[in-house]
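Convention: sequence-line order gives letters A, B, ...; per-chain numbering from 1. Basis for what follows: all heavy atoms, side chains included, without hydrogens, waters or symmetry-related copies.
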2 protein chains.
Amino acid sequence: MTSQPSTPRSRRERPAKSALTHAGIVSTAVRLMESEGLQRVTMRRLAQELDTGPASLYVYVANTAELHAAILEALLGAVDLAPVGARGDWRERLLRVLGSYVEVLFAHPGLARSALVARPSGPHYLALVEGILGLLHEGGVPDAQAAWGVDVLLQVATATAAEQSTRAQSPTADDEHDALTAVLREAPAGVYPRIAALGDDLVSGTPEQRFAWIFRAVINGTKTTPRETS
Amino acid sequence: MTSQPSTPRSRRERPAKSALTHAGIVSTAVRLMESEGLQRVTMRRLAQELDTGPASLYVYVANTAELHAAILEALLGAVDLAPVGARGDWRERLLRVLGSYVEVLFAHPGLARSALVARPSGPHYLALVEGILGLLHEGGVPDAQAAWGVDVLLQVATATAAEQSTRAQSPTADDEHDALTAVLREAPAGVYPRIAALGDDLVSGTPEQRFAWIFRAVINGTKTTPRETS
DNA sequence: ACCTGAACACCGTTCAAGT
DNA sequence: ACCTGAACACCGTTCAAGT
């Protein structure tokens with residue numbers, strides 16, 4: 001935030017206006033997201049940050065979705081693929097990798113939702129896929145099942161993070177969740193016997209407890225479900 | 001589209017401007033979505049359709065997300081909860097219910113994506129939850145696992161539909177998918193040994209085949225994974 | 001080749017004012 | 001109570017024109 005003595009006449013308190021590049025745009029976008037949230041990372045707002053007009057960005061980025069995917073790819077560098085305390089079996093370590101992924105998404109509201117739509121395809125994403133495949137292999141999961149299972153695991157992790165972060169983000173979303181909870185609790189037993197029978201169990205547990213069970217269930221299903229139908 | 005003889009001086013070829021109600025707004029929204037797609041169901045466009053200003057809608061609908069959730073709830077009436085040819089076991093019937101749900105979402109691009117964020121809580125949604133719980137109960141899935149499993153099943157079904165319909169909708173999304181496919185195929189074996197080992201298997205199968213396996217895997221995981229950690 | 005001004009065609013949401 | 005005109009504060013994307 002201090003002015004640069006080497007460029008005395010810069011009009012703004014910004015690093016000298018660097019040439020526009022894909023990398024420069026993405027790193028500015030990440031900074032902007034960190035400070036103002038993904039919802040402010042628009043082509044117009046980002047262009048303003050880079051001291052140019054929105055049209056200039058289209059030379060490097062095809063559209064807003066691609067921009068958001070590039071941000072996610074950059075953030076994925078923070079996923080811990082080999083947790084230090086990882087002395088448990090493969091299942092335990094896989095749980096931690098997925099947990100680390102969810103944490104990264106959860107730390108940036110909005111990112112998970114965009115990740116459900118536009119998946120990245122950079123080296124960090126590949127490393128995450130490779131890490132998961134390695135653990136499934138170590139666990140003796142047949143290749144064909146691991147190949148499809150990695151997708152499900154990432155999908156569930158992403159969707160779970162999206163749901164949680166949407167709720168954490170907006171008080172309206174929280175109200176909606178409370179409404180759903182109330183509706184489930186009050187469902188008449190005559191029309192909805194199973195909902196009534198399960199009662200609070202449908203909405204029980206902390207997010208962490210639900211995460212842990214969900215991941216274990218999907219990992220188990222992946223390991224035990226053959227690809228060919230019997 | 002014909003003029004109404006009983007209301008000779010109506011200025012437009014619309015059914016007489018009915019009083020604004022929640023139900024009327026939602027049914028107009030559904031019609032609008034069916035004809036122009038969810039992306040056109042905006043507060044402004046919908047108000048125009050109802051011959052009023054956008055501000056008027058806020059008396060009945062809190063925001064755009066809630067409007068989209070109400071549309072989904074209405075559409076959920078089309079889910080087949082007791083497939084006619086359903087003579088298979090509980091697993092087979094559950095697969096069909098989930099398949100019907102995916103079809104409904106898939107028929108309306110954009111809806112699945114919004115469903116990941118704003119879940120409805122009306123009678124159609126409850127009936128779907130009840131139907132799934134009933135089948136899990138029939139299959140001997142312990143209550144505690146069924147209670148959490150229903151959420152995972154719906155989440156996976158929704159996320160799967162969202163991914164597919166995003167791709168079917170926009171050619172850009174399809175390009176991105178091709179890009180990811182190419183990246184996976186070309187991943188160097190030195191850095192990504194498991195990705196290289198699995199090769200085309202990572203992206204193999206039709207959407208239907210992947211759906212079928214994914215649902216079976218999640219159903220199996222739900223049935224076999226106890227809620228308490230060992 | 002790269003960059004951009006200006007325009008096109010939209011958005012959600014609020015609020016003071018009307019009936 | 002219900003409805004609305006008008007405004008506030010934005011959007012994505014394109015394209016002809018400039019350097």
Any side-chain N or O of B:T52 below 4.0 angstrom from OP1/OP2 of D:dC3? no
A:V59 or A:P54, whichever maps to the more 5' nucleotide of DNA chain C: A:V59
Which one is paired to C:dC15, where only Watson-Crick or G-U wobble pairs with both distances under 3.5 angstrom count? D:dG5
What's the closest nucleotide to the side chain of B:A55 if the choices are D:dT4, D:dC11, C:dA6? D:dT4
Measure from CG on B:L67 to P on C:dC11 and round the result to the nearest Å. 13 Å
Is any side-chain N of the basic residue among B:D80 and B:R96 closer than 4.0 Å to the acidic one's carboxylate O? no
Have a look at A:T42 and say if it touches a base, only the backbone sugar-phosphate, or nothing, with a 4.0 Å heavy-atom cut-off. sugar-phosphate
Of the options D:dC3, C:dC8, C:dT13, whose atoms approach the side-chain atoms of A:R44 most closely? C:dC8
How long is the line joining CZ of A:R45 and P of D:dA9, in whole Å? 15 Å
Return yes if some donor-acceptor pair links the side-chain N/O of A:Q164 with the main-chain N/O of A:F106 below 3.5 Å, else return no. no
So which nucleotide from C:dT13, D:dG12, C:dT4 ends up closest to the side chain of A:Y58? D:dG12
So, A:R119 and B:E163, do they make that salt bridge, N to O below 4.0 Å? yes
Say you pick atom C1' in D:dC10 and the same atom in C:dA9; how far apart are they, in whole Å? 14 Å
Give A:T64 one of three labels, base, sugar-phosphate or nothing, depending on what nucleic acid heavy atoms sit under 4.0 Å from its own. sugar-phosphate
Think A:Y60 has a side-chain N or O under 4.0 angstrom from the OP1 or OP2 of C:dC3? yes
Taking B:H68 for the side chain and B:V41 for the main chain, is one N or O donor matched with an acceptor at less than 3.5 Å? yes
